[in-house]
Asks: 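Got a structure for you, written out below as structure tokens; questions coming shortly.
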Number of protein chains: 2
Amino acid sequence: MTERDMPTPPWERARRRPTRARVPLTRERIVDAAFVVLDQEGLDGLSMRRVASELGVTVSALYAHVDNKNELLELMYHRLFDGFELPEHDPEHWQEQLKNFARESRARMQHHRDMARISMGQTPFSPELLPHVERLLALLRATGLPDRVAAIAGDMLSTYIDGFVAEETIWRERYEGEDVKSWSEIRDEMKAYFGALPPDRFPNMLAVANLMVDETNDYRFELGLDIILRGLASYVEEPPDAS
Amino acid sequence: MTERDMPTPPWERARRRPTRARVPLTRERIVDAAFVVLDQEGLDGLSMRRVASELGVTVSALYAHVDNKNELLELMYHRLFDGFELPEHDPEHWQEQLKNFARESRARMQHHRDMARISMGQTPFSPELLPHVERLLALLRATGLPDRVAAIAGDMLSTYIDGFVAEETIWRERYEGEDVKSWSEIRDEMKAYFGALPPDRFPNMLAVANLMVDETNDYRFELGLDIILRGLASYVEEPPDAS
DNA sequence: TTCTATCATCGAACGGCGTTCGTTGAAAAC
DNA sequence: GTTTTCAACGAACGCCGTTCGATGATAGAA
């Protein structure tokens, strides 16, 4: 006679009915769910509770696989580099190679909402990411750049890319709550705002306002990239003396 | 000199009515207290409750003077530019002028903990800050740079500065909880970490690791600055065609 | 002086957050 | 068949930003 045959007392009826997860929880599945939440709610809406509910699981279940939220963000950051192949260094076309690296980085970050903000809080020096850094360094050192320049150039580029995409994000999300406005409508508002400035006090703003508003983000990104690469190129084969 | 004749930015909601002078609590005092909290607890510890307690006041009292936490951060950002004078443009020394602008920006952000992280979430296009942007644009347009380059150069520089200081902050705070370690101790640990990499797979990392670890932040900042300015200079008086 | 209207501040509450911890029950190991 | 293990649970803790009705001091009117 086991307790199995006994009836269940009514006060216990609401007891747990633990439908064991058909698919076991893993770090990978948690990161997958985190990206779903990130894309839907943005970084500010990315909470452990929300990720858990996405998986049909309790919050605390996550903590068996992930130390804390920071580690989850770290894992998401690592995803950025999954299958991110850098080419063999080709001293003839190093500038274009670096530009392609930057473009690919930007594209990957744009693929998930607020990804740039996550990226800015991380460094690529974990063991999993060091191979990527090594490949980038190989590209940089094959250019003829002095090592001390090559050593910081990767960091500079990443800072530029992160900052640029983060800024894109800010503008996109600034207009989020409001009615669906087209980008051209937003541009017109900005033009009107800048155009209404007193001309005697803001001659330079007025002179470039349309340029600032009209140029696409793609154009701005490429131009900034070109500025950095021209600056780098100026160090090739030259005994450098910064400042 | 008033802000009254300035247009309202389109993204801005209706601002609060100005507070009466007779009450002891003011926006200024709230911002002062917020900086005290920021320096003591960092951005993550900067809560409305903590600011209120710093003033010996209830949380909700703050909301009579400040719409929300975001507005408080905005006001703190504005403080960055208080008394930030840019020189008259001098076409002979524009590179040094821009470098001094960058150095001053970095120094101001370093003056308050996590200030760079606050700065990264803001734009300087509010009416109060536009005069500063105008002065910077004046510097940039006096260089002989094409307008389309001048229009994005200020943004680029600010992105670089914000990103650089934010990264400095990350490293500083990464070692915060631990026992007081000297920077040289931290450097040694990093050198040991990089030095233990397998030489066949990480030849480039090993070649520049010491450079990456040993150079001071000041040196790195100056070098990055110089790279950007050389890139900008390459556009002077040249019909530009970005990539 | 007394009354009244204003308004800065209070105190409690709401819903949400990251994280911890003792409990539980199904599967794995024996 | 028994024991062990351990992933998931659920409740709780102490935070957070923000809201709202109550309170009480004060300035101006009578």
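Just so it is clear: chains get the letters A, B, ... in the order the sequence lines come, proteins before strands, and each one is counted from 1.
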Asks: Rounded to whole Å, how long is the line connecting atom CG of A:Asn70 with atom C1' of C:dT19?
Replies: 13 Å
Asks: In whole Å, what is the span from the CG atom of B:Leu62 to the P atom of D:dT19?
Replies: 13 Å
Asks: Kindly point out which of D:dC9, D:dG17, C:dT9 is positioned nearest to the side chain of B:Val57?
Replies: C:dT9
Asks: Under the 6.0 Å and 45° cation-pi test, does B:Arg106 pair with B:Phe221?
Replies: yes
Asks: With a 4.0 Å heavy-atom cut-off, tell me which residues in residues 38-52 of chain A come close to DNA chain C, sorted by residue number.
Replies: A:Leu46, A:Ser47, A:Met48, A:Arg49
Asks: Taking the six-membered ring for Trp, is the centroid-to-centroid distance between B:Phe202 and B:Phe194 below 6.0 Å?
Replies: no
Asks: How many Å lie between CZ on B:Arg27 and C1' on C:dA8, as a whole number?
Replies: 15 Å
Asks: Of the nucleotides C:dG11, C:dC21, C:dT19, which has the atom closest to the A:Lys69 side chain?
Replies: C:dT19
Asks: Could you tell me whether A:Arg79 and A:Glu28 have a side-chain N and a carboxylate O separated by less than 4.0 Å?
Replies: yes
Asks: Using a 4.0 Å heavy-atom cut-off across all strands, classify A:Val59 as base, sugar-phosphate, or nothing.
Replies: base
Asks: Please work out whether the ring planes of B:Phe164 and B:Tyr160 are parallel, tilted or perpendicular, with thresholds of 30° and 60°.
Replies: tilted
Asks: Rounded to whole Å, how long is the line connecting atom CG of B:Leu25 with atom P of D:dA25?
Replies: 18 Å
Asks: What is the distance from OH of A:Tyr63 to P of C:dC21, rounded to the nearest Å?
Replies: 13 Å
Asks: Can you tell me if B:Arg172 has over 12 outside heavy atoms packed within less than 6.0 Å of its CZ?
Replies: yes
Asks: About how many Å separate CD of A:Glu134 and CG of A:Leu139, when rounded to the nearest 0.5 Å?
Replies: 11.0 Å
Asks: Any idea which of C:dA8, C:dT19, D:dC9 is nearest the A:Thr58 side chain?
Replies: D:dC9
Asks: Nearest whole angstrom, please: distance from the C1' of D:dG17 to the CG of B:Leu72.
Replies: 12 Å
